[in-house]
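For reference, the structure discussed in these notes is given below.
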Protein chains: 2
Amino acid sequence: MSQNATSAVNTGRRTGLDRDDMVAAALHLVECEGPAALTMRRLAAELDVTTNTVYWHVGSRDELIAELIRSCSARMAEREISGETPQQRIISAARNVWDSAFANRAVTSLAHQTGTTALLEHPLEVALAHEIEAAGLTGEEAAFALRSILSTVGGFLVGALRDESAIPTDLRTATLWSRTDAGLDPATVSALSGPTDHALIFVTTLEAVVTAHIPA
Amino acid sequence: MSQNATSAVNTGRRTGLDRDDMVAAALHLVECEGPAALTMRRLAAELDVTTNTVYWHVGSRDELIAELIRSCSARMAEREISGETPQQRIISAARNVWDSAFANRAVTSLAHQTGTTALLEHPLEVALAHEIEAAGLTGEEAAFALRSILSTVGGFLVGALRDESAIPTDLRTATLWSRTDAGLDPATVSALSGPTDHALIFVTTLEAVVTAHIPA
DNA sequence: ACCTGAACACCGTTCAAGT
DNA sequence: ACCTGAACACCGTTCAAGT
């Protein structure tokens, strides 16, 4: 992809690339072609170096990904919290987690696959924690509310970010329901065979969860 | 692992194995050594055959996994629903999804990684759908309630089934919170740095979601 | 119909060697 | 300090060939 400024071929040393360039190229790869495209060999090819050069700078694939997630973490946290009441502000903060995940779905999927979701969302979670404390909860109570809300967000995100097009037609949720014949109302089966408005059910459920955990 | 009954070495034809044996061995592998252990080569070695033999019987890795999930699906659905009121029975049915996922966490993780969760849980979802209809909801209303409840279950499952020991210490949720210094109450930070009682927050939140979506 | 040997095109990672 | 060539031990999958 990028050629060396110093005319000649990459023989010997000095590519002019550093760790940050590796991470930047990795992010570019993930956002353009998805998490699966991020392989060490592919990244090396993109940078016109050997895989070993990548290894020298980033250590390993896991470290590269951790660094990538870390670098996105701060950027994704730049979101405003709105609302008058504590409950409204908590809902707003939780929606920020949802919105930022959607705005960066490739990176979010990568984090999810590699178990680094907590790292990616931590700044947004801290913001949410502040709003929960502002509502009057601390300690175990605050932790309980935060974890409940975050799990709720996570559940809807998994459903909403799942790439159904990558799944064979006959294994898709809608297909499974359309083939269901277990004495359910045809209208119910029909509704379940159609598309899902993830954002709508998320917001509705989020309000219920927040109302249940946060004193008015 | 298993040797041929017919004395000699596997030269030529007839291993005496069929598609079901492949699926059974795959299940055994997943349950004993986790989803990552399920590779075509590993499975072939376990059965004392060539990878091609596996391919001949199951088609591909994706088909093998789909078949594996399908075979677990029915078995995992054998759960009773208890409770007097519609709400109680819905909560019971939702807990069955949770309980069966825990009882079969290796297979559940595999399904989750391969996008076949819907296939695995479908019978339990059908049972839940029946209880929702028994509560008086049909069509879009029933679908809305079902999807909300299932997403909620899914969110808590992701958190509860995640293998934290596979994540480097400094990327774990607890570690991230213990290092957080953003003006939060020390008691809150301390609580968030400790272990999570997934089952407790799940049950509490589930009740809130069900109450919000199902008329009493 | 059922199975093997050999190969293709990938992975992550490491070692010894070069400048 | 920084980079390459070559290799190791894996993947999923396919092709031609055997019985």
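Labels below follow one simple rule: chain letters A, B, ... track the order of the sequence lines, proteins then strands, and each chain is numbered from 1.
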Pairwise ring pair (Phe, Tyr, Trp, His ring centres under 6.0 Å) hits with a residue in residues 153-201 of chain B, at least two apart: His122(A)-Trp177(B), Phe156(B)-Phe202(B)
In this structure, how many angstroms lie between the [atom2] atom of [N] and the [atom1] atom of [X], rounded?
{"X": "Met40(B)", "N": "dC3(C)", "atom1": "CE", "atom2": "C1'", "value": "15 Å"}
{"X": "Arg41(A)", "N": "dA6(D)", "atom1": "CZ", "atom2": "P", "value": "14 Å"}
{"X": "Leu47(B)", "N": "dT4(C)", "atom1": "CG", "atom2": "P", "value": "11 Å"}
{"X": "Leu17(B)", "N": "dA1(C)", "atom1": "CG", "atom2": "P", "value": "19 Å"}
{"X": "Arg42(A)", "N": "dA9(C)", "atom1": "CZ", "atom2": "C1'", "value": "15 Å"}
{"X": "Leu43(A)", "N": "dC3(D)", "atom1": "CG", "atom2": "C1'", "value": "15 Å"}
{"X": "Leu64(B)", "N": "dC11(D)", "atom1": "CG", "atom2": "P", "value": "14 Å"}
{"X": "Tyr55(A)", "N": "dA7(D)", "atom1": "OH", "atom2": "P", "value": "18 Å"}

Side-chain H-bond candidate by donor/acceptor type, Asp62(B) with Ser60(B), under 3.5 Å: no
Between Arg147(A) and Thr196(B): side-chain donor-acceptor atoms closer than 3.5 Å: yes
Ala199(A): partners by side-chain contact (heavy atoms from CB on, under 4.5 Å), with sequence neighbours left out: Trp98(A), Asp197(A)
Cationic N near anionic O, under 4.0 Å, Arg61(B) to Glu63(B): no
Tell me whether the side-chain N/O atoms of [X] come closer than 4.0 Å to OP1 or OP2 in [N].
{"X": "His57(B)", "N": "dC3(C)", "result": "yes"}
{"X": "Thr53(B)", "N": "dC3(C)", "result": "no"}
{"X": "Thr50(A)", "N": "dC3(D)", "result": "no"}

Shortest non-hydrogen contact between Ala93(A) and Leu128(A), atoms and distance: CB-CD1, 3.7 Å
From dT4(C), dC11(C), dT13(C), nucleotide with atom closest to Thr39(A) side chain: dC11(C)
From CG (Leu157(A)) to OG (Ser151(A)), nearest 0.5 Å: 11.5 Å
Residue whose nearest DNA chain D nucleotide is more 5′ - Trp56(A) or Thr51(A): Trp56(A)
Nucleotide pairing, DNA chain C (Watson-Crick or G-U, distances under 3.5 Å), in dot-bracket with [ ] and |: ||.|||||...|||||.||
Distance between P atoms of dA9(D) and dA9(C) (Å, rounded): 22 Å
